[in-house]
There are 2 protein chains.
Amino acid sequence: MGKKNNYTVEDVAKLAEVSTATVSRVFNKSAKVNEQTSQRVLEAAKELNYRPSRVAQRLRGKRKHSMIIGLIVTDLENPFFSEIARGVEDIAYQNKNAVMVCNSNEDKAKEKFYLEALIAEQVSGFILVPTTHNNKLITEIINDEYPVVCVDRKLNIGDINVDSVTVNNKQGAYRAVERLIKLGHQRIAIINGLEELSTTVERFEGYKQALEDYDISLVDELILYADSREEGGIKSTKQLLELKERPTAIFSINNLMTLGCLEELNTQGINIPGEIALIGFDDMPWSKALNPPLTAVRQPGYELGVSAAELLLKRLSNPSRNTSDIVLNPELIVRASCGN
Amino acid sequence: MGKKNNYTVEDVAKLAEVSTATVSRVFNKSAKVNEQTSQRVLEAAKELNYRPSRVAQRLRGKRKHSMIIGLIVTDLENPFFSEIARGVEDIAYQNKNAVMVCNSNEDKAKEKFYLEALIAEQVSGFILVPTTHNNKLITEIINDEYPVVCVDRKLNIGDINVDSVTVNNKQGAYRAVERLIKLGHQRIAIINGLEELSTTVERFEGYKQALEDYDISLVDELILYADSREEGGIKSTKQLLELKERPTAIFSINNLMTLGCLEELNTQGINIPGEIALIGFDDMPWSKALNPPLTAVRQPGYELGVSAAELLLKRLSNPSRNTSDIVLNPELIVRASCGN
DNA sequence: ATGAAAGCGCTAACAA
DNA sequence: TTGTTAGCGCTTTCAT
């Protein structure tokens, strides 16, 4: 019970009748080794099924980093974030880095827990979807010059410098709402996500801007906030439907809430887009198979992940590089749910 | 540039004017330390913003494991697997373990890469959705007494003993097909997933069993295999629709393929379930919002993850424990896509 | 209650 | 080309 393959360089060295240094050299190709000696070492290693301990390597080595990228997202069940994860992973894997993804579940304590675990494990750097702007730990980490890239959301902390990759949320929202307006809608409700998120703030700005540009005034009862989950969409939609004067269109700011919204509308037998038109933020694989097919602002999740990983890799190879903010543009995918 | 907070026990010891041993004792509460000394150490540590290096701890310490669970899934973008991940994570977090999830993307080389990375990092153990049955590396790892739990798929290797948590796939498939038969269908097509997966094999068995029990013979042209992705569903459906004699019902074995299937059916204007009925394996958050709402076999993804994590934790605390196989039962969720 | 010192498994000078 | 040796940062005897 538990031999657990704990052979060391020394065991291999002994079996191959060489020094530990030679074993190390063979494994790392860090210096010329005689072909035959090399063979002997490899055979010995194979016989013992030897695996170098990365823990020891890391403790000793000058290359302090682990070739492991930590990715912390806020909701792994949300396909938008799994798309990001895929993007990160593809780039990382191409560069022989492993990605370890952790799910903070929008919970600050969990985020902290994972951040600390990953630092303790000495990951090379982080790609992070921060839970909220104001995070002391993250500030510390960044000030400690730990390589960090924020993705999807910005870290709105005073004068701090971080790489970031985000989407032009304001523009995306603006286009969605503009579309609705041009279709003749005036009473346009918005279901916002968590209030403190930069994405929520920006999308809401797009909404306000569009209304303003078209001389439509904001109506309090049409501006809702929910929890970015399906449940939140259902609840908000119910609330909207109870209004004396219902909205003629709903702009839902996140994929899962949109699903909830659609469900509730269908449940209550509302005709979409006849009675109420619907546009969502975030286009999903199933959007076109929905009833009705959903008009949505498509965010390039995969590309977000790719860019973030590339950015992190660049910083890793050049730590003194200036930080940069990459902003990707979303796109409005028009389908039946908003009419035409 | 790059101070990177590399303070060590020694720095703290110096500042607090104690020995490194004392610092260690304070941090690990591993022995009585004078209250005042302890205070001094803590202050010194805070001042330097000292974080013990887990790498060094692990190299030295007797507790060899890291409180990190490695989870390797085959498709992180598939919500079924993210549900599993959530289950694993919740249990792990409750027990102060971190989860690092890796995505093998159904690729053996990638699976190997991650397996080795995680072992090298000395994770406490694995929860694994194996890419295919026959995997030498995994056999080795298990034989090395590394704690492993297989989830969703079994590792059909000869005499090896592993903990596993799976779904009763045969039963689930049987019920789906039986339902179709009872609704009067005789020409029932099946779109299988990757041929070598245990899940595919078992679901196909359920299909065959049901047909046999109701005296319906197997028809080759109605038995298709695809790649478990949306694209595969589209392709297979096209193929089915080109048949001289079309099936009257389709049983699609995986969520993403079902989506593809539905899309293609809708694209070609097929009436569901009028012309062709559809049942899928795997119920998803969006299933009820589809057009038409989808009848599906619901797999308890979250519970799968929970059970797997619990099993792993048990093995960790008692390595000589007998292995066990947990089988969870699926459930047929009836909606409009199969008629009634 | 505290300190000194050994050593975990490995790599990188420095020698030979 | 190969070996010897000194640590990496920490925990853990063994002394004191």
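Please read these numbers as outputs of a predicted model, since none were measured by experiment. Each chain gets a letter, A, B and so on, in the order its sequence line appears, and its residues count up from 1.
When distances are taken from the side chain of B/Val18 to each of C/dG3, C/dG9, D/dT12, the shortest belongs to C/dG3. Listed nucleotides C/dG9, D/dT12, C/dT11 differ in distance to B/Leu59; the shortest reach to its side chain belongs to C/dG9. For B/Ala56, whose side chain is taken as the heavy atoms from C-beta onward, the closest listed nucleotide among C/dC10, D/dG9, D/dT4 is D/dG9. Residue A/Thr8 has its side chain nearest to C/dG9 when only D/dT4, C/dC8, C/dG9 are considered. If you check D/dC10, C/dG9, C/dA12 against the side chain of A/Ser53, the one that comes closest is C/dG9. Checking D/dG3, D/dG9, C/dA4 against every side-chain atom of B/Ser19, the shortest atom distance belongs to C/dA4.
Separating the NZ atom of A/Lys14 from the P atom of C/dG9 is a distance of 12 Å, rounded to the nearest angstrom. Distance, B/Lys29 NZ to D/dT11 C1': 16 Å, rounded to whole Å. Between B/Glu17 atom CD and C/dA1 atom C1' there is a gap of 17 Å when expressed in whole angstrom units. Between the CG atom of B/Leu48 and the P atom of D/dC10 there is a distance of 12 Å, given to the nearest Å. What separates CG of B/Asn28 from C1' of D/dG9 is a distance of 13 Å, to the nearest Å. In this structure, CD of A/Glu10 is placed 13 Å from P of D/dG3, rounded to the nearest angstrom. In this entry the distance linking OH of B/Tyr50 with P of D/dG9 reads 10 Å, nearest Å. Per the geometry, CZ belonging to B/Arg25 stands 20 Å off P belonging to D/dG9, to the nearest Å.
At a cut-off of 3.5 angstrom, the base of C/dG9 holds no donor-acceptor pair with the side chain of A/Arg51. Between the side chain of B/Arg60 and the base of C/dG7 there is at least one donor-acceptor pair of N/O atoms closer than 3.5 Å.
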A/Asn103/A/Glu77 under side-chain contact (heavy atoms from CB on, under 4.5 Å): CA gap, chis, key distance, verdict: CA-CA 9 Å; A/Asn103 183 17; A/Glu77 283 187 272; 5.9 Å; no
Intermediate values then yes/no, side-chain contact (heavy atoms from CB on, under 4.5 Å), A/Met100 and A/Ile69: CA-CA 6 Å; A/Met100 305 207 157; A/Ile69 293 177; over 6 Å; no
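Residues from residues 31-40 of chain A placing a heavy atom under 4.0 Å of any atom in DNA chain C do not occur.
OP1 or OP2 of D/dT11 has at least one side-chain nitrogen or oxygen of B/Ser24 nearer than 4.0 Å. Dashed line: the shortest gap from a side-chain N or O of B/Thr22 to OP1 or OP2 of C/dG3 is under 4.0 Å. The side chain of B/Tyr7 places no N or O atom within less than 4.0 Å of a non-bridging phosphate oxygen (OP1 or OP2) of D/dC10. Residue B/Gln57 places no side-chain N or O under 4.0 Å from the OP1 or OP2 atom of D/dC10.
Across all non-hydrogen atoms, the minimal contact from A/Thr8 to A/Tyr50 is C-CE1, 3.6 Å. Contact detail for B/Pro130 and B/Thr74: the closest heavy-atom pair is O-CG2, 4.3 Å.
Under 3.5 Å, the side chains of A/Asn34 and A/Ser38 contain no donor-acceptor pair of N or O atoms.
A salt bridge links B/Arg153 with B/Glu106: the closest approach of a Lys/Arg side-chain nitrogen to an acidic carboxylate oxygen falls below 4.0 angstrom. Look at B/Lys110 and A/Asp90 and you find a salt bridge, because one of the NZ, NE, NH1 or NH2 atoms lies within 4.0 Å of a carboxylate O, short of that distance.
Inter-axis angle, ends of the helix from C/dA1-D/dT16 to C/dA16-D/dT1, five pairs per end, rounded to 10 degrees: 40°.
Side-chain atoms of A/Asn318 do not come within 3.5 Å of backbone N or O of A/Lys314 as any donor-acceptor pair.
Between A/Leu76 and A/Val101, some side-chain heavy-atom pair lies under the 4.5 Å cut-off.
Screening A/Asp152, A/Thr323, A/Asp325 against A/Ser164 for a side chain to side chain donor-acceptor pair (under 3.5 Å) leaves a single residue, A/Asp325.
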